[in-house]
2 protein chains.
Amino acid sequence: MLSKKSQYAFKALTYLSEKYEQGPVLISDIAKKKKIPLKFLENILLELKKAGILDSKKGKGGGYFLQKAPDQITMATVIRLINGPIAMLPCVSLYFYERCSNCNEKVCGLHDMMVEVRDATLNIVDNRTIKDLLVNGKG
Amino acid sequence: MLSKKSQYAFKALTYLSEKYEQGPVLISDIAKKKKIPLKFLENILLELKKAGILDSKKGKGGGYFLQKAPDQITMATVIRLINGPIAMLPCVSLYFYERCSNCNEKVCGLHDMMVEVRDATLNIVDNRTIKDLLVNGKG
DNA sequence: AGCATAGCCCACCAACTCTATAGACTTATA
DNA sequence: TATAAGTCTATAGAGTTGGTGGGCTATGCT
């Protein structure tokens with residue numbers, strides 16, 4: 001399941017997409033409009049910034065804004081950053097790989113099945129961007 | 001991610017599949033062979049029993065055994081039971097549905113995308129059984 | 001320079017989940 | 001009736017999640 005943090009991240013990104021190239025947006029504005037706890041949102045936005053998805057400006061007239069176009073930010077990137085692995089097992093993860101204890105990947109039926117699930121999921125989230133979250137202007 | 005509990009469950013079910021229709025298997029036997037903490041395994045097997053997947057016999061000569069054939073137990077069933085929802089959002093779950101707070105499912109891009117992911121995943125785990133975990137006799 | 005603005009950073013907390021264990025209880029078989 | 005083996009309840013430590021508080025730092029305006 002996606003954490004609440006992830007859902008907040010997507011809401012914020014949706015909002016920022018609507019304001020893309022319209023100047024910085026205040027954290028407090030996002031928090032209010034999307035009903036996200038302000039301080040929690042702060043952490044999320046900062047994380048997105050450090051990952052190069054958002055950028056910010058301090059001081060008066062400052063705020064957060066997208067660093068790339070909405071259709072250049074994949075769902076997979078955001079999920080991995082905020083939520084963690086997409087795969088259902090560490091031994092099957094591309095970005096968070098860890099080998100199995102007590103089990104040989106070469107002859108593990110579960111491993112093979114989870115590779116299938118991973119690929120089916122990636123086929124979607126790698127090919128969708130936060131632009132796709134904008135369904136007739138609402139998020 | 002699948003919890004450790006889920007992985008243990010699949011290991012145990014794999015082992016019991018290999019012994020299908022060969023009489024009850026001791027918890028301690030499963031625990032030893034599959035390197036699962038015994039008391040933890042106890043809870044897991046009991047849960048599987050209550051869900052109608054396993055059955056057991058007490059007393060001498062007792063143990064656990066599959067209640068249905070390995071190819072009649074879907075992966076989806078076990079995952080839902082031990083791990084929880086398969087969907088990435090409650091508002092998209094078939095068996096653990098909860099409506100979104102602060103968001104209208106009818107016009108939510110994230111919702112629609114997560115439906116896609118859910119269906120892609122279900123397409124696999126609904127059509128695979130624990131029999132498919134038996135790759136040349138190993139689990 | 002000085003002040004207000006607004007993001008940055010650090011530390012902390014309560015609640016919950018996950019993993020695991022302990023011990024007493026019940027039932028079945030020989 | 002002794003013993004084997006599953007059942008049940010409770011608990012505990014570690015880690016994660018969701019959230020808050022307070023001070024620091026950079027920016028822009030006057």
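Please read these numbers as outputs of a predicted model, since none were measured by experiment. Throughout, protein chains are lettered first and strands after them, A, B, ... in sequence-line order, and every chain is numbered starting at 1.
- B:L134 contributes atom CG, which lies 6.0 Å from atom CD of B:E18 (distance to the nearest 0.5 angstrom).
- The CG atom of B:L2 sits 18 Å away from the P atom of C:dT17 (whole-angstrom rounding).
- In this structure, CE of B:M1 is placed 19 Å from P of C:dT17, rounded to the nearest angstrom.
- Across the protein-nucleic acid pair, A:L54 atom CG and C:dA6 atom P stand 18 Å apart, rounded to whole Å.
- A:Y8 places a side-chain heavy atom less than 4.5 Å from the side chain of A:P37.
- Proximity of A:Y8 to the phosphate of D:dG19: a side-chain N or O atom is located under 4.0 Å from OP1 or OP2.
- Going from atom CG of A:D132 over to atom CD of B:E116 covers 9.0 Å, rounded to the nearest 0.5 Å.
- Residue B:V92 is tested with B:V115, B:L110, B:V117 for a side chain to side chain contact (heavy atoms under 4.5 Å, CB included); the sole match is B:V115.
- One interatomic measurement links the two molecules: CG of A:L48 to P of C:dG7, which rounds to 14 Å at whole-angstrom precision.
- Ion pair A:E47/A:K50 not flagged as a salt bridge, since none of the NZ, NE, NH1 or NH2 atoms sits closer than 4.0 Å to an Asp/Glu carboxylate oxygen.
- We find that CG of A:L38 is positioned 17 Å from P of D:dG18, with the value rounded to whole Å.
- One can place CZ of B:F40 at 19 Å from P of D:dT11, the figure rounded to the nearest angstrom.
- Looking at A:T129 and A:D71, their side chains never bring a donor and an acceptor atom within 3.5 Å of each other.
- Atom-to-atom, NZ of A:K4 to P of D:dT20 comes out at 10 Å; the value is rounded to the nearest Å.
- The CD atom of A:E47 sits 11 Å away from the P atom of D:dT17 (whole-angstrom rounding).
- The stretch residues 73-90 of chain B has no heavy atom under 4.0 Å from DNA chain C, so no residue of it qualifies as close.
- Among residues two or more places apart in sequence or in another chain, the side-chain hydrogen bond (donor to acceptor under 3.5 Å, both in side chains) test is passed with B:D29 by B:Y15, B:K33.
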N/O-N/O pairs, protein side and nucleotides 4-8 of chain D side, under 3.5 Å:
{"from": "D:dA5", "atom 1": "O4'", "to": "B:G59", "atom 2": "O", "distance (Å)": "3.4"}
{"from": "D:dG6", "atom 1": "OP1", "to": "B:I27", "atom 2": "N", "distance (Å)": "3.3"}
{"from": "D:dG6", "atom 1": "O3'", "to": "B:S56", "atom 2": "OG", "distance (Å)": "3.4"}
{"from": "D:dT7", "atom 1": "OP1", "to": "B:K49", "atom 2": "NZ", "distance (Å)": "2.6"}
{"from": "D:dT7", "atom 1": "OP1", "to": "B:S56", "atom 2": "OG", "distance (Å)": "3.1"}
{"from": "D:dT7", "atom 1": "OP2", "to": "B:Y64", "atom 2": "OH", "distance (Å)": "2.0"}
{"from": "D:dC8", "atom 1": "OP2", "to": "B:K50", "atom 2": "NZ", "distance (Å)": "3.3"}
{"from": "D:dC8", "atom 1": "N4", "to": "B:E42", "atom 2": "OE1", "distance (Å)": "3.1"}

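- For the residue pair A:T14 / A:S17, no side-chain donor-acceptor distance below 3.5 Å is found, with atom types taken as modelled.
- Considering NZ of B:K68 and OG1 of B:T74, their distance stands at 7.5 Å, rounded to 0.5 Å.
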